[in-house]
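Shown next, in structure tokens, is the structure this report addresses.
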Amino acid sequence: MKMDSLPSPLQSGEMIDTQTMSTAISTGAGGNPAPVAAVRHIGKRFPGVVANDDISLDFNAGEIHVLLGENGAGKSTLIGILAGMQQPDAGDILIDGAKVRLGSPRESLDHGIGTVFQHVLLVPSLTVIENLMLGGSWWQKLARSAALARFRELSDLLGVTLDADALVGKLSLGEQQQVEIMRALWRGEKILILDEPTSMLTPQGVKDLGEVMRRLRSKGVALILITHKLAEAYELGDRISVLRLGRSVGAIAPDERRVMTEQQVTDRVIAMMFGAATPTDAAAAELLVGRAEGRRARREVDRSGAPRLRVTQIATAADRGACPLHDVTFDLWPGEVLGVAGIDGNGQKHLAEALAGQRKITSGTVCLDGADITAAAVPVRRQAGIRYVTDERLGEGTVGAFSVATNLLLKEIGSAPFWRRGMTDWTRIHDHAREKIQDHDIRTPSEKTPIGKLSGGNIQKVLLARELANDAGVVIFNKPTYGLDLQNTRLAHERIVESAGHGLGTIVISTDLDELLEVSDRIGVMYQGRLVGIVENGPEVELAIGKLMTGQVSS
Amino acid sequence: MSIDALPLTQDRTRELLAAIARVAVPILLALAVGGAILLILGKNPLTYYGYVVQRGLLSWGGFQETMTRMAPLLLIAAGLIVAFRAGIWNLGGDGQYLLAAVVTAALAPALIETLPRGLTLLICMIASVAVAAAWSLIPALLKARYGINEIITSLMMSFLGTSFANVLVKLFFRDPATTVPQTRSLEVVDRLPRIFGTNVHSGILIALAVVILVHLMMTRTAFGLRLQIVGANPAAAVHAGLKVGWLTVATFALSAGLIGLAGSVEILGVWGTVRADWNPAYGLLVVPLVFLARFNGIAVIGFALFFSVLMIGGESASRRIGVPQDFVLMLVGLLLVFLALVEYLDHLRRKRAGV
């Protein structure tokens with residue numbers, strides 16, 4: 001991944017350029033009378049769920065409209081409807097005041113509505129311009145020169161410089177997202193929908209994206225931004241709407257928004273999101289955004305004894321482009337939380353897999369409580385107390401088509417009392433699952449439900465229940481809150497801190513620095529497969545970490 | 001995932017009806033279109049299908065033939081279910097089947113001269129299973145070690161296997177007493193015992209036992225669950241610490257071994273000898289059957305019966321009504337087309353239901 005410049009200081013407040021902001025608002029959201037697009041009384045049901053219930057929203061040219069809401073609030077459904085991927089059961093979609101039917105993603109694009117989804121949907125082995133031409137009709141020849149003209153036009157519009165002939169796979173995630181934005185605007189630049197666009201980006205990438213969004217706003221594009229992060233909503237949003245359980249429960253109009261402080265906006269939004277009518281609710285909501293308690297009080301970690309885990313100069317072999325490890329050394333004491341920061345793709349995945357036993361360690365040693373486990377396979381390490389909560393919950397953590405019950409025992413297959421002489425005791429397995437579902441508040445219709453049908457937060461609860469069971473000694477969390485909403489994020493953080501409190505050695509790998517600052521005792525930084533430095537968590541460590549993340553000499 | 005993924009009670013009836021429709025609709029459509037083609041040829045489809053049922057199911061002799069035919073189909077199906085549930089596409093069935101058949105045909109007449117019948121039959125089966133399993137080692141190791149697509153390699157090994165089986169018959173095991181190249185024959189009295197004075201040999205009992213055991217293995221044992229995890233999500237298998245490479249080789253060996261057993265049983269029960277260029281090509285025929293049964297070992301018994309009736313009855317009906325023997329194959333082809341179509345429609349239905 002390419003990182004040319006230093007990320008700005010990571011405090012979110014500084015990401016905003018107040019000057020451009022105020023001018024943009026005054027030019028942009030100056031009270032447009034007719035919205036460029038609108039939804040009226042949109043309703044959409046799925047079996048057992050009302051995903052959208054009588055939602056009416058306006059989207060104005062030159063305005064960034066932020067949609068906030070917890071998972072399951074109906075944001076994705078609404079976006080799916082605007083992107084032409086789903087049809088509403090009730091209500092109308094208006095473009096320039098006229099009713100339209102968006103029967104397919106193609107029709108949606110033809111109306112100038114472009115969507116950039118959370119995960120990059122480009123072909124990495126094709127060039128930028130080839131990716132952009134993919135949407136053409138199959139009977140036509142590829143019109144390269146016309147495409148290049150459009151590419152330059154959009155480059156100007158976005159204010160970015162991309163090489164049209166660069167392979168997409170070689171671009172940074174931020175640049176890939178710029179290509180996605182171009183593709184979304186390719187057939188018309190009326191409306192741009194961004195679905196949690198910052199979740200994959202580096203601090204610098206987030207800053208660049210903010211620039212692009214403000215620029216598009218100043219050119220009169222209507223932007224729709226979906227996010228979980230209140231700070232982002234405040235910085236970028238002109239108009240903020242909150243969805244809750246499929247209904248639109250409140251909005252902050254641009255005129256109001258302009259005169260409110262961040263604190264006021266946050267309070268209003270929290271009240272709308274969680275319906276904080278009573279003071280206790282309000283307190284709970286404060287907790288959810290992690291604001292009330294401030295930074296968690298540090299525990300005193302006793303490092304006088306022997307470390308629980310001693311990792312000495314381990315390395316792994318390169319594999320399919322993933323960054324291998326070089327010479328990684330650290331100690332982990334019982335009751336300690338070691339955060340591992342770094343830009344995605346700097347060897348974090350290999351580190352987690354090498355520790356879990358999934359990946360061969362080519363040199364160096366790993367010792368658990370003094371015993372060398374370098375060559376031990378996953379089951380042996382699990383027995384010894386090493387647990388790995390993977391970031392790929394459905395990718396490798398679970399088998400989507402199998403029941404919750406089976407997935408809860410995925411790493412215990414063949415062991416007593418659920419299997420005896422190789423024979424499965426389904427009754428016991430299901431009893432065990434009901435117990436775990438109760439204990440961990442896993443929301444599932446039944447223990448026999450395929451786990452793939454559960455929400456991300458509930459899948460994560462299953463993983464936590466599985467990995468933290470029975471004498472865990474060292475737990476590795478890889479992006480434990482990735483894709484989770486505020487409630488589940490808080491729950492996951494609580495579990496991490498709680499398990500460390502019980503004396504577990506805990507490693508938390510994350511690209512979300514705020515998360516690491518909240519839960520860690522020490523924070524190590526991965527850069528190009530090396531652990532380039534470990535710093536004590538404390539005030540003002542962000543800058544040091546930011547430098548380490550981008551490969552500047554360690555502080 | 002028959003054991004695992006039952007939907008909620010209120011949806012159960014619906015899902016059950018859908019499951020029946022998924023099977024019945026393609027069969028009925030195939031029969032209907034096949035009937036239309038017969039009409040175009042100027043034949044009465046009802047007469048044709050009547051003959052099929054009459055010969056394949058209702059006449060005593062035909063029914064015995066049907067039962068006899070079911071044995072290899074069921075054993076091959078058992079072998080394919082093991083592989084397919086583990087996500088391993090062993091399409092080398094024909095090669096494995098023929099090699100096993102030749103090994104049996106070569107061994108049996110030689111062994112029977114010194115050994116008792118029971119021991120001869122047993123040794124032949126074990127040797128055939130071992131040879132078929134060994135023949136699957138190359139695709140298995142290539143997949144386990146280098147991740148090379150087993151569809152290609154097993155299919156290639158199948159071509160090599162059928163040719164090699166011919167070479168064996170013509171060069172090494174040829175019976176000098178015959179003009180047509182074939183192995184020495186196992187006398188009828190020395191073959192697999194018949195069931196209660198019928199013409200049906202006991203291979204069908206072996207096949208039924210094996211297919212039920214395979215079903216129980218897949219649904220009730222740790223080994224079966226491990227195989228299914230490897231099949232459903234190989235990354236999860238690695239994550240859970242399963243020995244994916246070893247399981248791949250074991251699955252291939254088991255699958256090929258069962259298909260080899262089918263070849264052995266067919267020789268020991270029906271033919272007693274292998275002729276050069278003999279290739280019933282059951283391997284690929286059973287693939288759609290296993291898909292129809294959704295890899296369920298119990299359901300596949302019904303489909304094997306259906307196929308057998310169609311094959312045995314179809315041969316006779318074609319002769320009586322005057323259409324080519326291959327008409328049955330065309331019905332199978334139609335069945336495949338409609339099976340895929342209905343599967344697609346069902347997929348759309350689920351998607352629309354938001355499942």
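So that the names make sense, note that chain A is the first sequence line, chain B the second, and so on, each numbered from 1.
Between the CZ atom of Arg226(B) and the CD1 atom of Ile413(A) there is a distance of 6.5 Å, given to the nearest 0.5 Å. Here the straight-line distance linking atom CZ of Phe402(A) with atom CD1 of Ile229(B) works out to 5.5 Å at 0.5 Å rounding. In this structure, CG on Leu225(B) lies 5.5 Å from CH2 on Trp426(A), to the nearest 0.5 angstrom. In this structure, CG in Asp425(A) is found 10.5 Å from CZ in Arg220(B), a value given to the nearest 0.5 Å.
Without hydrogens or angle criteria, Thr221(B) side chain to Gly422(A) main chain gives no donor-acceptor distance under 3.5 Å. At least one donor-acceptor pair under 3.5 Å links the side chain of Asn233(B) to the backbone N or O of Thr398(A).
Looking at Arg466(A), only its side chain comes within 4.5 Å of chain B, counting heavy atoms on both sides. With a 4.5 angstrom heavy-atom cutoff, Tyr388(A) touches chain B via backbone and side-chain atoms both.
Heavy atoms of other residues, nucleotides or ligands lying less than 6.0 angstrom from CD1 of Ile151(B) number more than 12. Other residues, nucleotides and ligands contribute more than 12 heavy atoms inside 6.0 Å of the CD atom of Gln87(A). The 12-atom threshold is exceeded at CZ of Arg434(A), counting heavy atoms of other residues, nucleotides or ligands nearer than 6.0 Å.
Side-chain contact between His239(B) and Glu392(A) is absent, with no heavy-atom pair separated by less than 4.5 Å.
When all heavy atoms of Val399(A) and Ala236(B) are compared, the closest pair comes out as CG2-CB, 3.9 Å.
Contact count versus chain B (heavy atoms, under 4.5 Å) is highest, among Ala356(A), Gly395(A), Gly357(A), for Gly395(A).
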